[in-house]
Amino acid sequence: VVNDVSQHVFEEVVLKIWKQSRNVAYFFFIVVMVIGGFMIMFNRQIEPRTAVTVQYLLPRVFLGLLGASFSYAIVSFAVQLAHTLQMISYYSIGTLAPDLISGGSPLYTFINSLLMLFPPVTLFYAFVVIAVIVSIIFFTIAFFFGIISRFIKLILLAVVGPLIFAWGTIPGQEETISDWFKGIISNVIALPAMFVVFWLGWAILVTTAISLGSANPLSFFISLILGTGLMWQSRKVPKAIDAAIGAPGLYIPGKAKKK
């Protein structure tokens, strides 16, 4: 379902906006070539040892036009790749916890085992059961909001892609294009990585609930802390990947270079 929605959004909505962004970028390329032509005529230097020549300007403009024209295809491929990696991670972890993908509800299975372990006959037990259920629901909501935010960043990368390549043709702004690619790579890795950490936590909870039951409350509590901890930490995975790759937080021309 998520894949169908993302594909529909990219084909029907993002593509239309991207075409407008591409047209603006093409106009910007024309302006750059006109200004570059005047700089060539007057033999202007952009740096003490760098003069604007035809050999200097044309390759930059050509590569920028090529990148702007294929920026949507690049991001669209990245979205499909991220979805494929998510499904691989989902079913790989499912082999560790078959009940996680058997068609039933893992939350129902876990809650049922939790109630069997701690029958809510006292106020304390009832509080424990409710606290665990609320925590899991909160972690799940936070996880899905993290997934949505990363998907929105990929949409933003697609929309501003032509503008990024157009801006990158300006001398001294080459890092803008490299940061754009870093943003794509970061999001492609972050989406399946979040799934791996989150579903691994789910697998620990569900497998432990089914295998331990009421036999070993101490081991159950340890697995409960470990599983919920992984689910909570899944929301921090994207920021760690951004920091490792050096991806910028803003994908706006002129803002990619970090000081």
Side-chain angles (χ1 to χ4, degrees), residues 1-35 60-87 143-195 235 237-259:
V1 176
V2 175
N3 184 41
D4 294 337
V5 172
S6 62
Q7 185 175 0
H8 173 76
V9 170
F10 262 82
E11 291 180 355
E12 299 296 332
V13 180
V14 179
L15 181 58
K16 294 180 180 179
I17 302 176
W18 173 84
K19 288 180 178 179
Q20 300 299 321
S21 176
R22 179 200 58 188
N23 294 337
V24 174
Y26 285 165
F27 175 78
F28 187 83
F29 279 114
I30 296 174
V31 174
V32 170
M33 293 183 67
V34 171
I35 296 176
R60 301 170 67 92
V61 174
F62 174 76
L63 293 177
L65 284 169
L66 192 65
S69 301
F70 288 95
S71 59
Y72 173 82
I74 294 172
V75 179
S76 180
F77 172 76
V79 172
Q80 295 298 322
L81 178 61
H83 173 72
T84 301
L85 295 176
Q86 287 174 13
M87 297 308 298
F143 165 75
F144 280 107
F145 268 107
I147 293 293
I148 293 173
S149 67
R150 285 286 150 173
F151 181 68
I152 292 175
K153 286 187 176 182
L154 282 172
I155 292 177
L156 181 61
L157 282 167
V159 170
V160 303
L163 301 176
I164 291 291
F165 280 96
W167 189 265
T169 60
I170 300 176
Q173 297 297 327
E174 297 84 357
E175 190 177 350
T176 308
I177 298 177
S178 63
D179 282 345
W180 185 79
F181 278 106
K182 287 179 181 179
I184 294 177
I185 296 172
S186 176
N187 284 282
V188 170
I189 297 176
L191 286 170
M194 289 180 66
F195 264 87
R235 67 187 183 87
V237 171
K239 292 183 179 180
I241 295 176
D242 286 343
I245 296 178
L250 295 176
Y251 304 102
I252 302 173
K255 295 294 185 181
K257 190 174 182 181
K258 298 178 289 297
K259 296 181 180 181

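Please read these numbers as outputs of a predicted model, since none were measured by experiment.
- Residues Met194 and Phe143 approach most closely at O-CE1, 3.6 Å, considering heavy atoms.
- Of all non-hydrogen atoms in Arg150 and Asp242, the two that sit nearest each other are NH2-OD2, 2.7 Å.
- In this structure the side chain of Leu191 reaches within 4.5 angstrom of the side chain of Leu154, judged on heavy atoms.
- Remark: Ser178 pairs with no residue by the side-chain hydrogen bond (donor to acceptor under 3.5 Å, both in side chains) rule, at least two apart or across chains.
- Checked against side chain to side chain contact (heavy atoms under 4.5 Å, CB included), Ile189 has the following partners two or more places apart in sequence or in another chain: Ile185, Ile241, Ile245.
- A 4.5 Å side-chain heavy-atom check between Val75 and Trp180 finds at least one atom pair inside the cut-off.
- Applying the side chain to side chain contact (heavy atoms under 4.5 Å, CB included) rule to Ile152 yields the partners Ile148; only residues at least two apart in sequence or on another chain are considered.
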Review item, side-chain donor-acceptor pairs of residues 19-30, under 3.5 Å, at least two apart:
unit_1	atom_1	unit_2	atom_2	d
Ser21	OG	Val159	O	2.7
Asn23	ND2	Lys19	O	3.2
Tyr26	OH	Ser69	OG	2.8

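- A pairwise comparison of heavy atoms in Ala193 and Val237 identifies CB-CG1, 3.6 Å as the closest pair.
- Looking at Ile147 and Phe151, their side chains never come closer than 4.5 Å, going by heavy atoms from C-beta outward.
- Under the rule for a side-chain hydrogen bond (donor to acceptor under 3.5 Å, both in side chains), the partners of Ser71 that lie at least two apart in sequence or sit in another chain are Trp18.
- Rounded to the nearest 0.5 angstrom, Leu81 CG and His83 NE2 are separated by 11.0 Å.
- For Phe181, the side chain to side chain contact (heavy atoms under 4.5 Å, CB included) partners at least two apart in sequence or on another chain are Ile74, Phe165, Ile177.
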